[in-house]
Amino acid sequence: MIQVYNTLTKRKEPFVPREPGRVRMYVCGPTTYNYIHLGNARALVVFDTVRRYLEYRGFRVFFVQNFTDIDDKIIKRAAEEKMDPRELALKYIEAYFEDADQINIKRADVHPRVSDHLPEIIELISLLIDKGFAYVAEGDVYFAVRKFPEYGKLSGRQLSELRAGARVEPGENKKDPLDFALWKKAKPGEPSWSSPWGEGRPGWHIECSAMALKYLGPELDIHGGGSDLIFPHHENEIAQSEAATGRPFARYWLHNGFITVKEEKMSKSLGNIFLLREVMEAYPPSAVRLFLLSTHYRSPLAYTPEYLEGAAKALSRLRSSWLFLLEAQNQAEEFSGGAEQLARLDEWEQDFAAAMDDDFNTARALALFFDLAHEINSWAELRPLPPAPVLRRALSLWVAFNRVLGLFPERRGLPVVEQERTEVIEDLVKLLVEIRQEARQRKDWATADRIREELKNLGIILEDTPAGTRWRWA
RNA sequence: GGCGGCAUAGCCAAGUGGUAAGGCAACGGCCUGCAAAGCCGUGACUCCCCGGUUCGAAUCCGGGUGCCGCCUCCA
């Protein structure tokens, strides 16, 4: 049974979706006014992995992740760059997919954009006004927080405590400082849409409620996001959605911890952000993904370049075990036996599931993956090799672990553990290896080493093994 | 001030009350012409400190210290 930590109850609970075998899941996606940074990437990788694991466990997952493409920050940034706000948003949506694909994030079933859902948003706001939870004030619409008695249940706050922090910006017409905007009256020059309350645009929180309700219905199974969204964003989503539907909005609220840099939260306001694409220029995406899964998702995670350096090396253990398995498949003897090894592999599978069942403990799962790789690598020293059934079973486990953790992308169902080799490169390297081999035979080490050294400079590592010389990408 | 979290080897990190996973780094060895990769082996007399519960605690309880986060846009 999968146990998940639910922010709403502050406990680990058995995961029971509303409908058996199906999971409806919503994760707050990026506001598209910049390239995504490592912090965004953590949320993406964490919930992508949650989704992958649920699928591994046989759930049919319907996954929705939005783009916030209408927002104050987009408008501001567009003005700075003298671009149309819609164009700016589109540019970063495209960039989002480039980055997310690199780091092996599966596409959501739906990626709804705010700009495509104005009718749904307006309808939801109207409903809230009709039900008396919201009010119109000079072209703005606000949610009356005090009308929703359960306000604060997610973030564990009392209305009385919140009072101190709340404030009214100049130009706002709130009746109560705690109220928040559902609809903002347009200022001249800003993108706007017509509504029963005049020209304007949606507030930040209402979009997620509207889109989640549209695609997933009134009661989601999982709602996720970074823990900085707990308050006010998710608290407000609950208020809006539950006020509108009268039903619990989400059964399980999952929140990931932050990335820290030098003991401080990585955040835009502190200016200490690292863009994902910058980091991926220096380190392979699989290393970044390994880094992001190396700590339990709710714990803080410290970013250091040294760590990624190490992660990249750690991956080579996994890589070599995979390459061994692929090769060994062809050489293995088709005899039965290996019952003991098969039993051990079964145990591995169970331990892996137990780790992930426990609130998606990827650190533990990763440790098991490394254990498995280590075991497989030790077979490489064995003669004879383990029997074919054992190798097949190990291979299928390897694929399964990788598929859940998403470390290496797959092509035609098989993990791709290294950069693509084109036929031309393959042939060129083969040629140089042959020349080097001739040099080695006449003990011309200078030439042999020169070829290896120069190829290394080009990112190609030669490895001499008893079976001949192999090459791989650095 | 209110609320929440964390303190485990040089670094990162898991850990169900029963005797400390895994990764990086380091050091021996095997393999190699030398390498690389991989394999074999070596690490915490102990889990921030002090008390307590228990036959037994890194794990539970109380107190202390230190660090971080949220309460305002932020994944």
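Every value quoted in this text rests on a predicted model; they were computed, and no experiment measured them. Labels below follow one simple rule: chain letters A, B, ... track the order of the sequence lines, proteins then strands, and each chain is numbered from 1.
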**Report entry** Nearest to side-chain heavy atoms of A:Ala363, which nucleotide of B:rA14, B:rC73, B:rA75
**Finding:**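 Out of B:rA14, B:rC73, B:rA75, the nucleotide with an atom closest to A:Ala363's side chain is B:rA14.
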Any [X] side-chain nitrogen or oxygen under 4.0 Å from OP1 or OP2 of [N]:
X: A:Asn361; N: B:rG15; answer: yes
X: A:His374; N: B:rC39; answer: yes
X: A:Lys313; N: B:rA25; answer: yes
X: A:Lys443; N: B:rC34; answer: no
X: A:Arg440; N: B:rC34; answer: no
X: A:Arg364; N: B:rU16; answer: no
X: A:Ser378; N: B:rG38; answer: no
X: A:Asn40; N: B:rA75; answer: yes

Quick one: sort the [X] and [Y] rings into parallel, tilted or perpendicular, breaks at 30° and 60°.
X: A:Trp322; Y: A:Trp398; result: tilted
X: A:His111; Y: A:Phe97; result: perpendicular
X: A:His223; Y: A:Trp253; result: parallel

Heavy atoms only, 4.0 Å cut-off, all strands: where does [X] land among base, sugar-phosphate and nothing?
X: A:Asp464; value: base
X: A:Ser269; value: base
X: A:Arg436; value: base
X: A:Glu463; value: base
X: A:Arg298; value: nothing
X: A:Lys265; value: base
X: A:Lys456; value: nothing
X: A:His255; value: nothing
X: A:Phe370; value: sugar-phosphate
X: A:Ala314; value: sugar-phosphate
X: A:Ile230; value: nothing
X: A:Leu368; value: nothing

I'd like to know if [X] reaches the base of [N] with its side chain such that a donor and an acceptor end up less than 3.5 angstrom apart.
X: A:Asp449; N: B:rG33; answer: yes
X: A:Arg452; N: B:rC34; answer: yes
X: A:Arg157; N: B:rG1; answer: no

Query raised in the report: Using the C1' atom in both, what is the distance from B:rC60 to B:rG17, to the nearest Å?
Result: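 Nearest-Å result for B:rC60 against B:rG17 at atom C1': 8 Å.
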Requested in this report: Using the C1' atoms only, state how far B:rA13 lies from B:rC3, rounded to an integer number of Å.
Outcome: 27 Å
Query - A:Phe352/A:Phe401 aromatic ring centres below 6.0 Å - result: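 Distance test on ring centres: under 6.0 Å, yes.
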Pairing partner (Watson-Crick or G-U wobble, both distances under 3.5 angstrom) of [N]:
N: B:rG1; result: B:rC71
N: B:rG66; result: B:rC6
N: B:rG43; result: none

Query raised in the report: Does a salt bridge link A:Asp464 with A:Arg470, judged by any charged N lying under 4.0 Å from a carboxylate O?
Result: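 A salt bridge is absent here (no side-chain N lies under 4.0 Å from a carboxylate O).
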Query raised in the report: Between A:Asp358 and A:Asn361, is there a donor-acceptor pair closer than 3.5 Å when you use the side chain of the first and the backbone of the second?
Result: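 Judged by distance alone, no pair lies under 3.5 Å.
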Query raised in the report: Whole-Å distance between B:rA37 P and A:Trp322 CH2?
Result: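 The answer, rounded to whole Å, is 22 Å.
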Query raised in the report: With centres under 5.5 Å and planes under 30° as the test, does A:Trp445 stack with B:rG33?
Result: yes
**Report entry** Side-chain heavy-atom pair A:Arg436, A:Thr469 within 4.5 angstrom cut-off
**Finding:**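 Contact flag for A:Arg436/A:Thr469 side chains = yes.
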